[in-house]
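Just so you know, these numbers use all the heavy atoms, side chains as well, and skip hydrogens, waters and symmetry mates. Numbers here are sequence positions counted from 1.
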Amino acid sequence: MNSPSRPLADRMRPQNLSEFAGQEHLVGDGKVLARIIETGYCPSIIFWGPPGIGKTTLARMLAKHLGKLFIELSAINAGVKDVRAAIATAKNADGTILFIDEIHRFSKSQQDSLLGAVENGTVTLIGATTENPSFEVISALLSRCQVYVLQELEKEDLLAVVQNALAKDSLLQDKNVLLQETDALLMLSGGDVRKLLNLLELVVLSTDAEQVVLSNESVSQVAQNKMARYDKTGEQHYDIISAFIKSIRGSDPQAAVYWLARMLHAGEDPKFIARRILISAAEDVGLANPTALVMANTCFEAVSKIGMPEARIILSQTVIYLANSPKSNSGYLAIDKALAFVKKTGDLGVPLHLRNAPTKLMKELDYGKNYKYSHDFDHSFVQQ
């Protein structure tokens with residue numbers, strides 16, 4: 001029975017791979033997760049992908065089908081003590097999957113505390129992350145895990161999720177829903193299935209009319225007034241980081257610091273912010289002030305060492321510096337144009353006069369012949 005106290009996203013959580021939206025490269029017949037369930041052998045895994053597309057669901061599903069104890073921790077509020085307690089519980093169980101959500105937020109010492117239990121098989125680790133595990137998971141732990149990438153869902157996948165909910169959820173069926181338009185529903189959910197379903201439910205339950213018409217206008221109106229309550233940690237995540245970067249690019253330090261404060265207040269990972277600052281230093285400030293990249297890199301290293309709350313000062317200082325710096329995207333434009341040219345022209349041969357000639361045979365074949373040494377000419381430049 002569907003309980004109104006459970007959000008629609010929870011009520012519609014898939015129970016087997018055939019019900020899962022998208023990710024055919026992982027859940028399709030004969031694919032890796034299907035083989036894990038078929039063989040009963042599950043390695044330690046890192047699921048890497050955008051929020052709200054089923055990383056937690058897949059972990060729970062594997063534990064259920066494999067008959068293993070499922071212990072779930074969130075790296076936001078769990079520490080080494082919690083990890084050790086989970087491992088102690090796992091020692092008394094016949095197979096345990098330890099699921100750690102947002103594992104990229106674990107410090108090195110917290111990740112180190114997992115190594116022994118993963119190595120000796122006390123737990124099968126499944127970590128979920130929205131960040132590149134190559135940067136955020138220590139190499140010793142990463143080498144013991146298979147990394148599976150979950151891709152953003154296509155429009156057809158998201159529409160299928162909506163249609164499935166309208167067809168199967170009794171609470172929605174009681175409201176007689178007419179699906180007229182879906183653009184706003186899809187846009188506001190940002191590809192996040194959890195947000196999509198919770199917004200759908202919010203719109204449907206916001207009226208007492210005998211028939212609920214889902215249109216772009218009705219969805220936008222309800223979302224504008226009430227959507228925030230459904231997305232306490234991820235709400236506006238990508239919108240705010242976009243506003244933050246655009247404020248730096250637009251040389252507005254007040255706005256940039258405001259968006260920085262919004263992210264820090266919401267509990268955003270300071271290293272996530274520092275990485276974006278590094279990108280902005282190269283992409284937006286660029287050669288107009290090359291020192292900006294040096295400062296941004298120093299900021300990232302300092303934030304990684306110090307952590308919050310003091311990291312806020314380092315981030316603020318760097319953001320103000322970048323926002324006040326002159327801007328140039330010449331490096332960004334140049335490499336993209338060069339890549340487009342390479343893609344168009346393929347692997348062209350290197351001209352003979354520019355080739356290296358370390359052997360006599362290569363010299364006889366005219367490798368390096370007629371090369372003009374630039375420093376022998378005025379201003380160290382010669383046309384060749």
Side-chain angles (χ1 to χ4, degrees), residues 6 9-10 13-17 19-20 23 26-27 31-49 51-150 194 233 267 269 271 304 307-308:
R6 294 171 56 209
D10 189 47
R13 191 182 293 275
Q15 299 302 309
N16 54 66
L17 295 182
E19 298 174 357
F20 200 81
Q23 315 306 332
L26 296 177
V27 305
K31 301 302 181 182
V32 60
L33 298 187
R35 292 200 304 271
I36 286 174
I37 291 175
E38 181 181 347
T39 62
Y41 170 71
C42 183
S44 289
I45 293 170
I46 301 291
F47 285 133
W48 172 27
I53 58 171
K55 298 186 289 293
T56 303
T57 296
L58 285 176
R60 291 179 179 177
M61 197 180 296
L62 288 175
K64 176 185 175 182
H65 285 286
L66 296 174
K68 293 180 179 287
L69 174 66
F70 185 76
I71 301 176
E72 182 174 351
L73 299 177
S74 171
I76 294 176
N77 49 37
V80 172
K81 181 179 178 181
D82 301 289
V83 171
R84 288 174 177 165
I87 292 172
T89 300
K91 289 179 179 178
N92 298 317
D94 185 19
T96 300
I97 285 181
L98 174 58
F99 175 71
I100 300 180
D101 195 17
E102 300 196 70
I103 194 170
H104 59 276
R105 292 185 183 242
F106 260 180
S107 66
K108 182 182 183 299
S109 61
Q110 288 170 317
Q111 293 185 38
D112 280 337
S113 67
L114 293 163
L115 285 174
V118 172
E119 180 70 26
N120 62 31
T122 302
V123 300
T124 297
L125 173 68
I126 299 184
T129 178
T130 56
E131 299 295 321
N132 189 332
S134 298
F135 301 129
E136 297 302 326
V137 178
I138 60 173
S139 57
L141 188 57
L142 192 62
S143 67
R144 292 163 170 80
C145 298
Q146 298 294 316
V147 177
Y148 298 132
V149 181
L150 277 71
R194 180 171 53 246
T233 58
D269 183 357
K271 289 197 294 182
S304 301
M308 290 293 285

I'd like to check [X] versus [Y] (side-chain heavy atoms, cut-off strictly below 4.5 Å). Are they in contact?
X	Y	answer
His65	Ile36	no
Leu33	Gln23	no
Ser44	Thr124	yes

State the [atom1]-[atom2] distance between [X] and [Y], to the nearest 0.5 angstrom.
X	Y	atom1	atom2	result
Leu125	Thr96	CG	OG1	12.0 Å
Asp101	Glu72	CG	CD	6.5 Å
Ile76	Asp269	CD1	CG	9.5 Å
Gln110	Arg105	CD	CZ	12.0 Å
Leu114	Ile87	CG	CD1	6.0 Å
Glu136	Leu142	CD	CG	11.5 Å

- Query: Around Lys31, counting heavy atoms of other residues, nucleotides and ligands shown, do more than 12 lie under 6.0 Å from its NZ?
  - Reply: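 No, the 6.0 Å shell around NZ holds no more than 12 heavy atoms from other groups.
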- Just wondering, are more than 12 heavy atoms of other shown residues or ligands nearer than 6.0 Å to CG in Asn77?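 Above 12, so yes.
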- Query: Between Tyr148 and Phe47, how do the two ring planes meet: parallel, tilted or perpendicular, split at 30° and 60°?
  - Reply: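 Tyr148 vs Phe47 ring planes: tilted.
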Write down the atom of [X], the atom of [Y], and the distance for their closest heavy-atom approach.
X	Y	result
Leu17	Leu58	CD2-CD2, 4.1 Å
Ser113	Val80	CB-CG1, 4.1 Å
Ile97	Lys68	CG1-CD, 3.8 Å
Ala34	Val27	CB-O, 4.3 Å
Leu26	Leu150	CD1-CD1, 3.7 Å
Ile71	Ala86	CD1-O, 3.6 Å

- Is it true that a side-chain atom of Lys55 and a backbone atom of Gly49 form a donor plus acceptor pair closer than 3.5 Å?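 Flag set: sc Lys55 to bb Gly49 pair under 3.5 Å.
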- Message: If we ignore hydrogens and angles and just use 3.5 Å, is the side chain of Gln111 paired with the main-chain N or O of Ile138 as donor and acceptor?
- Response: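 Present.
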- Message: Test side-chain contact (heavy atoms from CB on, under 4.5 Å) on Phe70 and Arg60; report intermediate values, then the result.
- Response: CA-CA 7 Å; Phe70 185 76; Arg60 291 179 179 177; 3.5 Å; yes
- So Gln15 and Lys64, side chain to side chain donor-acceptor pair (under 3.5 Å) or not? Walk me through it. CA-CA 9 Å; Gln15 299 302 309; Lys64 176 185 175 182; 3.2 Å; yes
- Message: Let's go through Leu62 and Ile45 carefully: what are the C-alpha distance in whole Å and the side-chain angles of both, what is the deciding distance for side-chain contact (heavy atoms from CB on, under 4.5 Å) to 0.1 Å, and is it a yes or a no?
- Response: CA-CA 11 Å; Leu62 288 175; Ile45 293 170; 4.2 Å; yes
- Item | Steps toward side-chain contact (heavy atoms from CB on, under 4.5 Å) verdict (Val118, Leu98) | CA-CA 10 Å; Val118 172; Leu98 174 58; over 6 Å; no
- Message: Is it true that Thr57 and Arg13 share a donor-acceptor pair across their side chains at a distance under 3.5 Å?
- Response: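 Yes, because at least one side-chain N or O of Arg13 sits under 3.5 Å from a partner of the opposite role on Thr57.
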